[in-house]
*Asks:* 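I'd like to ask some things about the structure below.
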Amino acid sequence: MHTIRIRLLEGGRRAVASRVHLDSKKFVVEEVPVPVPGPGEVLVEVKAAGVCLSDVHLIDGSLVPLFATSDTVTVGHEVSGVIHTLGPDLKRGLSVGTRVTLEAGKTCGRCAGCVRRRPCTQMLTAGIDYDGGWAQYTLAREDTLIPIPDNLPFDQAAIIPDAVSTPYAAVVATAGVRPAQSVGIWGVGGVGAHNVRVARLAGAAPIIAVDPLPGARERALAFGADFALDPAEPNFADQVRAATGGRGLDFAFDCAGVPAVREQAASVLGLNGVLILVGISPRPLTISEGLTFNYLGKQVRGHYGGTPESVTELVRLAEVGRLDLAPSITDHIPLAEAADAVNRLENKVGDPIRLILVP
């Protein structure tokens with residue numbers, strides 16, 4: 001059971017935050033001191049925060065932080081708000097009142113990879129390794145802030161850095177999907193639904209969504225999929241071959257992080273087809289296919305999260321009307337009821353895409 005504890009604010013110097021005590025596995029909404037920004041930091045007044053399955057797994061203990069900086073962490077890596085207070089020694093022209101969304105993580109800033117702008121092997125995740133945004137206020141390093149336009153609502157901006165940016169980077173960067181290439185997407189939840197939309201933006205054809213839930217398949221069609229298939233159908237492989245003119249898939253995106261999905265997805269790849277691992281799982285990667293995997297030149301590529309470039313590009317796409325994220329927002333829930341939001345997502349109550357916590 002998740003425990004809720006709320007105390008009254010005291011003189012404006014303290015605020016409410018939803019926190020996980022990693023040692024005891026307790027999840028509480030409690031009063032904490034308002035953070036003070038240090039050099040290169042700003043204090044953000046949170047306006048909206050998305051609820052992700054990663055948050056659920058952190059709370060239930062199945063996700064263990066790799067680089068935790070404290071025994072207690074404020075949850076939340078999908079955050080938007082306004083700059084409330086500027087710290088010293090800022091290098092960017094930031095100002096109080098600027099509307100922003102926050103990248104879902106940050107580099108350590110110390111190792112050679114960070115200095116040389118190579119992929120960081122110690123990427124810290126907000127709301128897991130350090131305090132995130134299920135709170136009234138959160139600290140942010142200035143290089144993790146992306147200004148957002150006035151016509152982009154806070155709830156839509158909040159989900160861009162993970163729920164949208166993760167599949168966007170998977171489609172555009174890791175896969176490099178080109179127009180008219182065939183794409184299969186397994187799992188049409190919070191990430192998979194946006195994978196469908198991004199594949200559509202990239203010109204993929206056909207787009208085949210795969211999910212055991214009828215509601216998820218209907219959503220996939222509404223979001224732009226050409227076909228929506230049940231993976232349990234006995235003639236599933238035949239349906240994929242028919243939809244792709246017998247060629248098989250150019251790309252298969254596993255947004256579920258389930259071993260059985262990876263096996264099935266790999267089996268319906270075509271010549272030089274690529275399996276992209278978007279969903280995260282601690283379980284071993286196994287592909288039992290034999291000679292045909294080699295003969296057809298199939299590949300497997302790992303993928304993790306979005307990039308600063310993908311967040312900036314998505315904000316621009318939303319600003320000019322190429323991407324309307326309003327259909328992705330399932331409900332708004334008060335921050336004090338964070339445990340209810342966790343329960344709804346964990347048990348798929350109402351089959352949510354994204355639930356938004358509002359302080």
*Asks:* For the pair His84 and Tyr137, name the ring-plane relationship: parallel under 30°, tilted 30 to 60°, perpendicular over 60°.
*Replies:*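 It falls in the perpendicular class, over 60°.
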*Asks:* To the nearest 0.5 Å, tell me how far Gln156 CD sits from Ile148 CD1.
*Replies:*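 So the gap between those two atoms works out to 10.0 Å.
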*Asks:* Report, one line per pair, each donor and acceptor closer than 3.5 Å where one atom sits in a side chain of residues 196-209; sequence neighbours left out.
*Replies:*
| residue | atom | partner | partner atom | Å |
| --- | --- | --- | --- | --- |
| Arg197 | NH1 | Asp324 | O | 2.5 |
| Arg197 | NH2 | Asp324 | O | 2.9 |
| Arg200 | NH1 | Gly224 | O | 2.9 |

*Asks:* Any chance the side chains of His332 and Asp155 put a donor and an acceptor closer than 3.5 Å?
*Replies:*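 Judged by distance alone, the side chains do pair up.
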*Asks:* Using every non-hydrogen atom in the two residues, find where Thr74 and Ala135 come nearest and quote the distance to one decimal.
*Replies:*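 That closest heavy-atom pairing would be CG2-CB, 4.1 Å.
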*Asks:* Say you draw a straight line from CZ of Phe253 to OG1 of Thr174; how long is it, rounded to the nearest 0.5 Å?
*Replies:*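 One gets 8.0 Å once the value is rounded to the nearest 0.5 Å.
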*Asks:* Does the ring of Phe27 carry Arg19 above it, NZ/CZ under 6.0 angstrom from centre and within 45° of its axis?
*Replies:*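 Not flagged: Arg19 not positioned over aromatic ring of Phe27.
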*Asks:* Between OG1 of Thr307 and OH of Tyr168, what distance do you get to the nearest 0.5 Å?
*Replies:*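 Taking OG1 in Thr307 and OH in Tyr168, the distance rounds to 8.0 Å.
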*Asks:* May I have the list of side-chain donor-acceptor pairs in residues 228-236 shorter than 3.5 Å, sequence neighbours left out?
*Replies:*
| residue | atom | partner | partner atom | Å |
| --- | --- | --- | --- | --- |
| Asp230 | OD1 | Ala232 | N | 2.9 |
| Asn235 | OD1 | Gln239 | NE2 | 2.9 |

*Asks:* Tell me the closest heavy-atom pair linking Ser328 and His194, and the distance in Å.
*Replies:*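 So the minimum-distance heavy-atom pair works out to OG-NE2, 2.7 Å.
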*Asks:* Applying the side chain to side chain contact (heavy atoms under 4.5 Å, CB included) test to Arg344, which of Val51, Val56, Leu355 qualifies?
*Replies:*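 Output: one option passes, namely Leu355.
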*Asks:* Flag the pair Arg217 and Asp211 as a salt bridge only when some basic side-chain nitrogen lies within less than 4.0 angstrom of an acidic carboxylate oxygen.
*Replies:*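 Salt bridge between Arg217 and Asp211, a charged N being under 4.0 Å from a carboxylate O: no.
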*Asks:* Considering residues at least two apart in sequence or located in another chain, which fulfil the side chain to side chain donor-acceptor pair (under 3.5 Å) criterion with Arg301?
*Replies:*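 So Arg301 forms a side chain to side chain donor-acceptor pair (under 3.5 Å) with Gln299.
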*Asks:* Is any side-chain heavy atom of Leu285 closer than 4.5 Å to a side-chain heavy atom of Arg262?
*Replies:*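 Side-chain contact under 4.5 Å: yes.
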*Asks:* I need the minimum non-hydrogen distance between Pro161 and Ala158, along with the two atoms involved.
*Replies:*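 What the structure gives for the nearest pair is CD-O, 3.2 Å.
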*Asks:* Do Thr98 and Val82 come within less than 4.5 Å of each other through their side chains, counting heavy atoms only?
*Replies:*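 Thr98 vs Val82: side chains apart.
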*Asks:* Looking only at heavy atoms, which two atoms of Gly257 and Pro259 are closest? And how far apart?
*Replies:*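 Answer, listing the atom of Gly257 first, then Pro259: O-CD, 4.1 Å.
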*Asks:* Quick check for you: to the nearest 0.5 Å, what is the distance between Thr138 atom OG1 and Leu43 atom CG?
*Replies:*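 Reported to 0.5 Å precision, the distance equals 8.0 Å.
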*Asks:* Hydrophobic cluster membership, with links at side-chain heavy-atom distances under 4.5 Å among I/L/V/M/F/W/Y: are Ile59 and Leu357 in one?
*Replies:*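 Linked, Ile59 and Leu357 end up in one cluster.
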*Asks:* Do Val261 and Val300 share a hydrophobic cluster (ILVMFWY, side-chain heavy atoms under 4.5 Å, transitive)?
*Replies:*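 Same hydrophobic cluster.
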*Asks:* When rounded to the nearest 0.5 angstrom, what distance separates CD1 in Ile83 from CD in Glu45?
*Replies:*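 The distance works out to 12.0 Å.
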*Asks:* Ignoring hydrogens, what is the shortest heavy-atom contact between Ala225 and Leu221? Give both atom names and the distance.
*Replies:*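 Heavy atoms of Ala225 and Leu221 come nearest at O-CD2, 3.5 Å.
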*Asks:* Side chains of Val42 and Leu90, heavy atoms from C-beta outward: is any pair under 4.5 Å?
*Replies:*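 When only atoms from C-beta onward are counted, Leu90 and Val42 do touch, with a gap below 4.5 Å.
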*Asks:* Of Asp331, Leu325, Ile159, which is the lone residue that meets side chain to side chain contact (heavy atoms under 4.5 Å, CB included) with Arg354?
*Replies:*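 The passing option is Ile159.
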*Asks:* Please tabulate, for side-chain N and O atoms in residues 184-192, each donor-acceptor pair with protein atoms closer than 3.5 Å (sequence neighbours left out).
*Replies:*
| residue | atom | partner | partner atom | Å |
| --- | --- | --- | --- | --- |
| Trp186 | NE1 | Gln264 | OE1 | 2.9 |

*Asks:* Which pair of heavy atoms, one from Ile276 and one from His303, lies closest together, and at what distance?
*Replies:*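 Reported closest heavy-atom pair: CG2-CB, 4.1 Å.
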*Asks:* With a 4.5 Å limit on heavy-atom distance, are the side chains of Val16 and Glu30 in contact?
*Replies:*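 No, their side chains stay 4.5 Å or more apart.
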*Asks:* Checking salt bridge (charged side-chain N to carboxylate O under 4.0 Å, His left out) for the pair Lys348/Asp351: CA distance, chi angles, key distance, verdict?
*Replies:* CA-CA 5 Å; Lys348 299 185 182 299; Asp351 195 18; 5.7 Å; no
*Asks:* Rounded at 0.5 Å granularity, tell me how far OG in Ser182 sits from CG in Asp250.
*Replies:*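 If we round to the nearest 0.5 Å, Ser182:OG and Asp250:CG are 3.5 Å apart.
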*Asks:* May I ask you to check whether Thr72 and His21 show a side-chain donor-acceptor distance below 3.5 Å?
*Replies:*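 Checked: Thr72/His21 side chains pair up, N/O donor to acceptor below 3.5 Å.
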*Asks:* List in chain and number order the residues that pass side chain to side chain donor-acceptor pair (under 3.5 Å) with Ser165, two or more places apart in sequence or in another chain; answer none if no residue qualifies.
*Replies:*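 By the side chain to side chain donor-acceptor pair (under 3.5 Å) rule, Ser165 matches Ser310.
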*Asks:* Does any pair with a residue in residues 277-289 pass salt bridge (charged side-chain N to carboxylate O under 4.0 Å, His left out), and if so which ones, sequence neighbours excluded?
*Replies:*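 Sorted result for residues 277-289: Glu289-Lys298.
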*Asks:* If the threshold is 4.0 Å, N to carboxylate O, is there a salt bridge linking Asp143 and Lys106?
*Replies:*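 No.
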